[in-house]
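Scope of the values below: all heavy atoms of this structure, side chains included, with no hydrogens, waters or symmetry mates.
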Amino acid sequence: PRGALEIDDEGPPLGEAPPPLEVNDVDGRSVTLGGPGQGQLLMFVTPTCLICNEVLPAMRAVSSIGRFKPYVITDATTFEAQDSLRPKVGDTPVVADPSVPTAYTVPGTPYVVVVDDRGIVQAKGTVNNLEQVEGLIDTALKRIDLRTAELDPA
C-alpha cells in the first residue's frame, strides 16, 4: 500500500508547534494535546467512518510501543464517542471536542498527527490502514533522529 498522504497545506504545519490544548477526554479526565512532554500520536476520526473503524485498532498497538502517547479525537458528542469509539481503542484516551480538529486544521478523517516531545509536528497525513499509521510513526522518528544528529553531531 501507498504511504500516508502528507500534504503540506493540510493539517498543522510540519516543523511547527501548535498551541497546547487543555481538554477533557470522554471519561472526564483533563488532558493536554500538544505542547512539551511525551510525544503524542493524535488520530482524528469520525464514528460513522468505515475506514476510521478499520484504522482505530492501530491505537492499541501504538500505545504498547510507548514512544508516543496515543489519543483518539472526534468532533462527535461525548455519548457517541463513548458508545462507538471507546470499545475499539481500549485504554487510549478519547477526546470528543470539535475545537480540536479545527485547531489542527484537519481536512478529514481518518487523519493522524505525530508531535514530538517539544510539541512540534513531525508527521501528519490521511491514513487508510495500520501500515500507513506505522509509516507516519517511522517518518516522525526519522525526523526526530535527524534533528538530534544535527544538534549533537558527535
Side-chain angles (χ1 to χ4, degrees), residues 3-141 144:
L5 187 58
E6 190 175 67
I7 298 176
D8 288 340
D9 60 350
E10 289 186 350
L14 286 171
E16 293 187 19
L21 299 174
E22 297 287 335
V23 295
N24 289 326
D25 69 10
V26 297
D27 298 318
R29 294 176 296 217
S30 176
V31 297
T32 302
L33 301 175
Q38 182 177 7
Q40 298 176 345
L41 185 140
L42 310 175
M43 181 180 286
F44 295 85
V45 299
T46 305
T48 56
C49 166
L50 296 176
I51 296 172
C52 296
N53 287 314
E54 290 177 20
V55 176
L56 274 171
M59 297 310 278
R60 289 182 194 237
V62 170
S63 65
S64 69
I65 294 169
R67 181 79 186 250
F68 298 102
K69 173 84 174 145
Y71 292 92
V72 173
I73 301 159
T74 183
D75 60 0
T77 67
T78 298
F79 176 76
E80 288 172 312
Q82 285 176 322
D83 187 49
S84 62
L85 299 176
R86 166 60 64 221
K88 296 176 180 123
V89 298
D91 293 337
T92 300
V94 177
V95 173
D97 187 329
S99 71
V100 179
T102 300
Y104 277 81
T105 60
V106 171
T109 59
Y111 194 83
V112 169
V113 176
V114 183
V115 297
D116 66 14
D117 58 351
R118 299 176 303 153
I120 295 174
V121 176
Q122 294 295 333
K124 63 179 182 172
T126 301
V127 296
N128 293 312
N129 54 49
L130 175 59
E131 291 79 16
Q132 290 177 338
V133 175
E134 291 172 340
L136 283 175
I137 292 170
D138 288 344
T139 297
L141 290 173
I144 292 167

Nearest heavy-atom neighbours spanning Ala76 and Ala96: O-CB, 3.3 Å

Separation of Gln40 CD from Leu33 CG (nearest 0.5 Å): 5.5 Å

Ignoring hydrogens, what is the shortest heavy-atom contact between Pro47 and Ser84? Give both atom names and the distance. CB-OG, 3.2 Å

Side chains of Arg86 and Asp27 in contact at under 4.5 Å (non-hydrogen atoms): yes

For the residue pair Cys49 and Pro110, what are the closest heavy atoms and their distance? SG-CD, 4.0 Å

Please give me the minimum heavy-atom distance between Gly15 and Ile120, naming the atom from each residue. C-CG2, 3.4 Å

With side chains defined as the heavy atoms from C-beta onward, is the minimum distance between Leu141 and Arg67 less than 4.5 Å? yes

Go through the steps for Leu14 and Lys124 under the test side chain to side chain contact (heavy atoms under 4.5 Å, CB included), then give the verdict. CA-CA 8 Å; Leu14 286 171; Lys124 63 179 182 172; 4.0 Å; yes

What is the minimum heavy-atom distance between Val121 and Pro13, and which atoms define it? CB-O, 3.6 Å

Would you check if Met43 and Val133 make a side-chain contact, meaning some heavy-atom pair closer than 4.5 Å? yes

Do Asn129 and Glu54 come close enough that some side-chain heavy atom pair is under 4.5 Å? no

Between Leu130 and Pro57, is any pair of side-chain heavy atoms under 4.5 Å apart? no

Quick one: does Val100's side chain get under 4.5 Å of Phe44's, heavy atoms only? yes

Please find the pair of heavy atoms, one from Lys88 and one from Asn53, that lie closest to each other, and give the distance. NZ-OD1, 3.0 Å

Output the distance between atom CG (Leu136) and atom CZ (Phe68), rounded to the nearest 0.5 Å. 10.5 Å

Starting at OG1 of Thr46, measure out to CD1 of Ile51 and round the result to the nearest 0.5 Å. 11.0 Å

Going by heavy atoms in the side chains, are Val45 and Val55 under 4.5 Å from each other? no

Atom pair CG (Leu56) and OG1 (Thr92), whose distance is rounded to the nearest 0.5 Å: 9.0 Å

Find the distance between OG1 (Thr32) and CD (Gln38) and round it off to the nearest 0.5 Å. 12.5 Å

Would you check if Asp97 and Ile73 make a side-chain contact, meaning some heavy-atom pair closer than 4.5 Å? no

Between the OH atom in Tyr71 and the CG atom in Asp25, the distance rounded to the nearest 0.5 Å is 8.5 Å

